[in-house]
**Student:** 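If you scroll down you'll find the structure; I have some questions about it.
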Amino acid sequence: MKESKMESLRKAYQEGNTTLNEEHYLFNKAENSGSSLEAWSAFVRNNKSISPKDFNDRLWESFQAKRSRKRKKAVVLVSAAASVLLFVTLFMGNPGQRELSYSEKEALLNQALDMFPNTPQKGMERNIIYENEMIILYTTSD
């Protein structure tokens, strides 16, 4: 019975389906079984090491330090790119538009009005309601 249990544990171990308790039992009983697992269990016992108590904390701190360094590098890189883009946009992007004279504006307006076929005829009377630099509102009488 013990031999079949050891054999089933050995097969489960080779497939990776054993628990830590089963592995512990298997390695402790392998010397007495005389199987091929004896050399492997001796190797495992001789090379077994215990991790330090604060191992997880030290690992977590090292991960966080690397993560924060990467984040700082990304912030510096994005900031530098934004500064360069702002500089290019402000000083080289738009040199300023030339102000049009009143006659040039009138010529452009007439050209735009000629594009629409339903524009009022030049002889129609127009009553201006509101006028500023950009817009003129008026009414016409038929």
**Student:** Tell me who clusters with Leu108, hydrophobic residues only, linked when side chains sit under 4.5 Å apart either directly or through other members.
**Tutor:** Leu100
**Student:** Can you list everything that forms a side-chain contact (heavy atoms from CB on, under 4.5 Å) with Thr19? Sequence neighbours excluded, please.
**Tutor:** Asn21, Glu22
**Student:** Under the rule for salt bridge (Lys or Arg N to Asp or Glu O under 4.0 Å), what residues qualify as partners of Glu104, not counting sequence neighbours?
**Tutor:** Arg98
**Student:** What pairs with Lys105 under salt bridge (Lys or Arg N to Asp or Glu O under 4.0 Å), at least two apart in sequence or on another chain?
**Tutor:** Glu99
**Student:** CZ of Arg58 to CG of Asn56: how many Å apart, nearest 0.5 Å?
**Tutor:** 10.0 Å
**Student:** Can you tell me if Arg67 has over 12 outside heavy atoms packed within less than 6.0 Å of its CZ?
**Tutor:** no
**Student:** Who else is in the cluster with Ile129 when I, L, V, M, F, W and Y are joined by side-chain contacts under 4.5 Å?
**Tutor:** Tyr130, Ile135, Leu137
**Student:** Please enumerate all residues that pass side chain to side chain donor-acceptor pair (under 3.5 Å) together with Gln64, with sequence neighbours excluded.
**Tutor:** none
**Student:** Restricting to side chain to side chain donor-acceptor pair (under 3.5 Å), what partner residues turn up for Ser83, sequence neighbours left out?
**Tutor:** none
**Student:** Should Phe63 and Phe55 be regarded as members of a common hydrophobic cluster, given that ILVMFWY residues are connected when their side-chain heavy atoms come within less than 4.5 Å of each other, either directly or indirectly?
**Tutor:** yes
**Student:** Please list, chain by chain and in numerical order, all residues satisfying side-chain contact (heavy atoms from CB on, under 4.5 Å) with Asn127, sequence neighbours excluded.
**Tutor:** Glu125, Thr139
**Student:** Roughly how far, to the nearest 0.5 Å, is CG of Asn17 from CG of Leu9?
**Tutor:** 11.5 Å
**Student:** Within a 6.0 Å radius of atom CD on Glu131, are there more than 12 heavy atoms belonging to other residues, nucleotides or ligands?
**Tutor:** yes
